[in-house]
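Scope of the values below: all heavy atoms of this structure, side chains included, with no hydrogens, waters or symmetry mates. Remember, it's a predicted structure, so these values are computed and weren't measured experimentally.
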Amino acid sequence: SDVCSSDLLAAVTQLYRDGGLTIAEGMPVIPTPVGRVVGGTTVINSGTCFRAPREVLERWRAEAGIDWVAEMDADYAAAEELLRVTPVDPERMGRNGQILMEGAEEMGVAHRPLARNAGRCSQCSSCPLGCRLDAKRAMHVSYLPRAVAAGARVRAGVEARRILFEGRRAIGVECAAGMADAAAPHPRPYTVRARRAVIVAGGAFGTPELLLRSGVRSRSGQLGRNLRIHPACWVGARFDEEVRGWEGVMQSYAVTEWERHGLLLEATFTPLAFGGQWLPGTGAEYERHLADYGRLASTGVHLSDRSSGRVGLAGDGSLRITYRLTRDDAARLAFGIARAAELFYAAGAREVYPQIAGLPVVSRNRIAELDASPPPARRLRLEAFHPLGTARMDADPARGVVDAEGRVHGYEGLLVCDGSIFPSSIGVNPMMTIIAMAANVARRLAERSA
């Protein structure tokens, strides 16, 4: 398999917001890539499918007054059936996942295959660049065709610029067509009028951006706040054997032993166009590591964050994202990095690359040192993939942006239906919970309309 081509790099600029360079400012700076394509981030995510932990849903019910969240099993099941969610077959997932599985078995810790919405895919590890075969059941091949069959119209290359109001009632959206067409330097403005409601689903970045630009203000002051991003660290390891991780499922296997610490380890291997920047060294040393790319295995250390950030508008109207990683969360990430290193060494690794500034390689005998003296946040090299919470749901208008039915507090005919309504981090990949919550919001809107 060819692990790097110009097509892969071109896909980043075509499928991602800001060409994949969306950044959460802070110490450290955390890249937080999201999709900008028909089908959204589901087109370029790993396809990993989790239900939210039961204790998280119970907390939302008790603390945010969302009575129905503990009863979403039917919505989860319907989504899993439509998306053909199945566990990854360990025999077919590729060597990268098998190495994490073997390390977990050697250490005697809890582990299991991940469930994905891709069935028996061809294991090309190119999920972040859009599945070339559409084996992954992203929204553009699953829910959107159903919507179109029911009468919906999908318009690509259109920017939603502002929500229109009559008093406190949302009546439509001011748009501009041709935003994705370089041959059309003057986008054409037009207006979409809402028959019953305006539903915003721009994600945890786009939703507050559009609402704030439209003059929406929340009594709670929470609009754009409460940002959670599930900060993550890529940990790599070099083996004597050929791993050729790009020939397997991109995200295939999980170690769940340290969930009580808010940590989930997921075997994740990305093509060279994405993964090469994490290799240690410069010059000849970097060249040596690059030549060994076929012998590398990697896993993501994924944190259910207590830290928070904010999404707002800069003076020129552009989006600004800030996030402060707390000392406690940095220490928990370092704990996860140490556990990933132990797993790799248990599976026979020769070197482990922890993504900590000043520590290009963590040897087996330095893992205890990492536990005893975790590095400060500024030394961690992180990414994040699950922005949530910036229009948090709470029945109390003094605490949330939307009520338990997705309606924006203080406005009529204006709803939010995406990951921004999560009241907190959930600690696992959120796609299935976004779908289940969206189904509930939509069902309640339909019932009111009827």
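There is a side-chain donor-acceptor pair under 3.5 Å between Ser304 and Ser425. Using a 3.5 Å distance cut-off with no hydrogens or angles, the side chains of Tyr353 and Gln355 do not pair a donor with an acceptor. Residues Asp394 and His409 bring no donor and acceptor atom of their side chains to less than 3.5 Å of each other. Side-chain atoms of Asp418 and Ser420 include a donor-acceptor pair closer than 3.5 Å.
Salt-bridge check for Asp18 with Arg36: failed, with every basic side-chain N at 4.0 Å or more from each acidic carboxylate O. Between Arg54 and Asp73 a salt bridge is recorded (basic side-chain N to carboxylate O distance below 4.0 Å). Residues Glu342 and Arg339 are paired through a salt bridge, judged by an N-O separation under 4.0 Å between the basic side chain and the carboxylate. Using a 4.0 Å cut-off between a side-chain N of Lys or Arg and a carboxylate O of Asp or Glu, Arg213 and Glu209 qualify as a salt bridge. Taking a cutoff of 4.0 Å between a charged side-chain nitrogen and a carboxylate oxygen, Arg448 and Glu405 qualify as a salt bridge. Ion pairing of Arg51 with Glu80 is present here, as a side-chain N (NZ or NE/NH1/NH2) and a carboxylate O approach within less than 4.0 Å.
Remark: Arg320 CZ is loosely packed, at most 12 non-hydrogen atoms of other residues, nucleotides or ligands lying under 6.0 Å away. Under a cut-off of 6.0 angstrom, the local environment of CZ in Arg225 is sparse, with at most 12 non-hydrogen atoms contributed by other residues, nucleotides or ligands. Residue-environment remark: CZ (Arg95) exceeds the threshold of 12 foreign heavy atoms within 6.0 Å. By the neighbour-count criterion of 12 heavy atoms within 6.0 Å, atom CZ of Arg260 is densely surrounded, having more than that number from other residues, nucleotides or ligands.
Taking the centre of each ring, Phe422 and Trp60 come in below the 6.0 Å mark.
Of the listed residues (Asp329, Thr326, Asp328), just one forms a side chain to side chain donor-acceptor pair (under 3.5 Å) with Arg306, and that residue is Asp328.
By the 30° and 60° cut-offs, the orientation of the rings of His386 relative to His302 is tilted.
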